[in-house]
Amino acid sequence: YGASLVRTLRSGLGEQVLEGGPGLGALGGDPQVTAALLDATQAKEPAVRRMAVSLLARIEGSDADAALLRALDDDDPGVRVAALDGLAGREPGLEIDDRLAARLDDSVDRVRAAAVRAVGRRDGVGIIARLRDLATDPSVSVRAAVAVALEDRSGDGDGDNRRSVADLLADPSPDVRQATIEAVAAVGGMSRGETIAPVLLGALDDDSSLVRRTAAGLLATRTVETDGVLDVLTSGSPRAQDAALLALMGHGEPVRDPVAAWAGAQIARATAARTDRHVIEGGPNATALAPDSSVGFLAAVLARRERMLVDRALGALAVLGAPEAGGVLRRCLRSTDPEIRAQALEALDSIGDRRLRGAVVRLLDADATASVQARDPVLGRLADDGDPWVGLLARRTIIEVGGMVEIPETERTISEIDTMLTLRRVPLFEGLDPEDLQRIASTCLERTYPPGAALVREGEIGDELIVIVEGGVRVVRAEPDGSERYIRRYAAGDHIGELAVLREQPRIATVIAEGDGVRAQVINGESLKAILRERPEAAMAMLSTLAERISAQ
């Protein structure tokens with residue numbers, strides 16, 4: 001059916017439509033094409049039926065209307081959604097209105113949401129009442145669609161359970177905010193005549209990466225908002241700029257000059273970050289910096305900045321016609337295998353915008369040579385850096401290196417930054433961004449265990465991850481005869497309990513403090529899981545380290 005339908009569309013008037021002719025509405029003037037579409041609504045393949053229904057929705061006529069009404073009862077939810085979206089623009093009529101309203105009770109969330117969008121374009125007290133009934137629907141998508149459908153209907157929302165679109169966009173749940181911008185985009189704006197642009201552009205700076213990516217994906221299909229996206233790209237927050245770059249995918253030639261200029265600025269900043277890092281590290285032959293030192297943390301933050309800026313430049317290449325620069329090629333450029341990296345650089349030098357790719361290759365191919373700059377002036381400049389983490393760590397490094405303040409190693413009350421430095425001793429957390437590490441540090445509780453005390457007990461449900469700051473522990477398991485079997489020891493810098501937290505399973509062993517006792521940082525399991533849910537980047541960084549630990553055991 002699919003191949004036959006395409007052949008039919010490519011004949012006669014259909015050929016003109018597919019090649020940018022008079023438009024899909026003109027399909028109704030070709031009986032052969034209409035017949036093929038009607039026939040395709042009975043195909044076995046749901047994808048073919050969805051395509052046929054979507055095209056019939058743009059054809060006027062009783063035959064098309066009848067086919068769309070039949071599609072409301074299709075077994076495939078996607079077909080039902082296509083039919084609802086198609087019928088939403090039809091002239092009001094008793095049969096159509098009743099059939100649309102019936103789908104408000106559909107068992108599938110996205111079908112109910114589509115029904116709300118379709119019904120919301122109708123008038124009448126009965127319609128409003130039905131929509132109000134769905135204001136507390138279990139699905140956030142449906143609730144968001146209801147809010148958009150009833151937005152600005154004078155007096156209609158008074159006294160009911162409906163929340164406004166503005167309320168939903170400010171909801172603390174990322175899922176609710178995501179569903180709301182999708183609902184607004186689906187109807188093209190709110191009823192008072194506002195465009196969707198402010199909603200989507202604002203969502204590019206949302207706290208949640210999920211919401212930002214959703215907004216970017218919706219904007220990528222809307223060239224009318226290109227100027228607004230470019231404004232965000234050049235003047236938005238770092239995370240908003242990253243999202244704006246995704247939103248420009250597919251926009252191509254019209255954005256070439258501003259995107260190339262922006263990417264050039266990212267390359268210049270990456271070069272500066274690399275130079276600063278080399279200076280504070282003492283050059284490529286210097287001894288590796290301790291991860292729990294301020295200067296080691298500062299170097300890691302600068303390395304993250306450089307990597308982020310390079311990724312942006314590669315993303316700009318993808319926007320300008322080289323999509324492979326933002327995918328597998330980027331991963332190969334990060335490889336520790338010199339041959340793979342060299343091949344990736346060679347491939348990069350042959351794709352996309354010539355000037356931009358040349359600048360990226362020169363940056364990535366540059367040798368890490370020692371800088372002639374002195375460390376103190378660089379640290380002084382970084383102390384006033386616009387990134388608060390760079391400034392804070394540079395100031396701490398100046399204090400520590402200059403010996404202005406003595407920081408006792410056994411201080412019992414650890415500040416947040418000290419807690420972050422302590423967590424960086426642990427490979428599980430070393431790769432996290434400062435913002436994510438700060439969130440984890442803010443949930444930490446310092447706890448001491450005397451010699452012989454159990455940090456965790458076998459069989460208990462695990463809800464804490466414990467990082468050992470001082471001291472050591474032994475891990476034992478109970479044997480059937482009541483004896484204990486020694487498993488292994490952990491020392492300062494190790495962590496215990498991550499599998500029990502992530503799997504929500506009982507502890508598989510008992511951990512006992514040894515020597516003079518143990519000082520530890522205890523991280524609440526629910527808080528940790530919340531961070532991992534909201535920050536996919538943090539989850540990937542932690543899980544990759546965890547996988548290495550498991551494979552080594």
Side-chain angles (χ1 to χ4, degrees), residues 5 9 17 23-28 33-34 37-38 40-43 45-93 95-123 127 130-131 134 137 139-151 165 178-191 195-196 199-200 214 217-222 224:
L5 180 58
L9 289 174
V17 171
L24 283 171
L27 283 170
V33 171
T34 302
L37 291 173
L38 293 171
T41 62
Q42 306 302 313
E45 303 90 341
V48 175
R49 301 200 302 275
R50 287 194 295 270
M51 179 175 66
V53 169
S54 296
L55 292 175
L56 281 170
R58 308 180 74 168
I59 295 176
E60 299 292 339
S62 58
D63 289 343
D65 288 350
L68 294 177
L69 288 171
R70 288 194 300 270
L72 290 176
D73 298 319
D74 194 277
D75 292 338
D76 180 69
V79 176
R80 300 201 295 275
V81 169
L84 285 163
D85 289 342
L87 288 167
R90 294 306 207 237
E91 289 294 326
E95 181 181 9
I96 290 179
D97 289 352
D98 286 347
R99 295 291 301 280
L100 294 179
R103 280 299 151 196
L104 293 172
D105 298 321
D106 198 280
S107 61
V108 178
D109 295 354
R110 60 191 177 108
V111 179
R112 292 201 304 281
V116 169
R117 293 196 299 269
V119 169
R121 299 179 66 171
R122 264 58 181 165
D123 293 319
I127 293 295
R130 290 298 306 275
L131 293 179
L134 291 172
D137 191 274
S139 166
V140 294
S141 298
V142 175
R143 297 199 302 272
V146 170
V148 173
L150 295 180
E151 181 76 8
V165 171
Q178 178 195 26
T180 304
I181 63 172
E182 289 177 333
V184 172
V187 299
M190 289 170 278
S191 58
T195 67
I196 186 178
V199 174
L200 292 182
T214 299
L218 292 169
L219 282 165
T221 65
R222 303 174 62 87
V224 69

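Counting from 1, the numbers follow the sequence of the chain as shown.
- Evaluated for a side-chain contact (heavy atoms from CB on, under 4.5 Å) with Val53, the options Val48, Asp76, Thr41, Val81 yield exactly one hit, Thr41.
- At a threshold of 4.0 Å, the pair Arg143-Asp109 does not count as salt-bridged, since none of the basic side-chain nitrogens sits closer than that to a carboxylate oxygen.
- With values rounded to the nearest 0.5 angstrom, Asp74 atom CG is found 4.0 Å from Arg49 atom CZ.
- The minimum heavy-atom distance linking Ala113 with Ser141 is given by the pair CB-O, 4.1 Å.
- Between Arg130 and Asp105 the shortest side-chain heavy-atom distance falls below 4.5 Å.
- Atom CD of Glu45 and atom CE of Met51 lie 9.5 Å apart (nearest 0.5 Å).
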Problem set entry | Stepwise side chain to side chain contact (heavy atoms under 4.5 Å, CB included) check, Asp137 with Val116 | CA-CA 11 Å; Asp137 191 274; Val116 169; over 6 Å; no

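- The heavy-atom pair separating Leu104 from Arg112 by the smallest distance is O-CD, 3.3 Å.
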For this session: With side chain to side chain contact (heavy atoms under 4.5 Å, CB included) as the test, would you mind laying out the steps for Ile59 and Leu56 before giving the verdict?
Result: CA-CA 5 Å; Ile59 295 176; Leu56 281 170; 4.3 Å; yes

Exercise. Taking it one step at a time, do Leu84 and Arg110 satisfy side chain to side chain contact (heavy atoms under 4.5 Å, CB included)?
Worked result: CA-CA 11 Å; Leu84 285 163; Arg110 60 191 177 108; over 6 Å; no

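- Taking the side chain as every heavy atom from C-beta outward, Leu87 and Leu72 approach each other to under 4.5 Å.
- Smallest separation of non-hydrogen atoms from Ala71 and Ala83: CB-CB, 3.7 Å.
- Although no hydrogens or angles enter the test, the distance criterion places a donor-acceptor pair under 3.5 Å between the side chain of Arg90 and the main chain of Ala57.
- Looking at residues two or more places apart in sequence or on another chain, you find a salt bridge (Lys or Arg N to Asp or Glu O under 4.0 Å) between Asp73 and Arg99, Arg103.
- Of all heavy-atom pairs between Ser54 and Arg58, the closest is O-CG, 3.7 Å.
- Qualifying salt bridge (Lys or Arg N to Asp or Glu O under 4.0 Å) partners for Arg80, counting only residues two or more places apart in sequence or in other chains: Asp106.
- Few gaps surround CG on Asp98; more than 12 heavy atoms of other groups in view lie less than 6.0 Å from it.
- Across Leu150 and Leu131, no two heavy atoms sit closer than the pair CD2-CD1, 3.7 Å.
- A pairwise comparison of heavy atoms in Pro46 and Val79 identifies O-CG2, 3.9 Å as the closest pair.
- Glu182 CD to Leu200 CG: the interatomic distance, rounded to the nearest 0.5 Å, is 10.5 Å.
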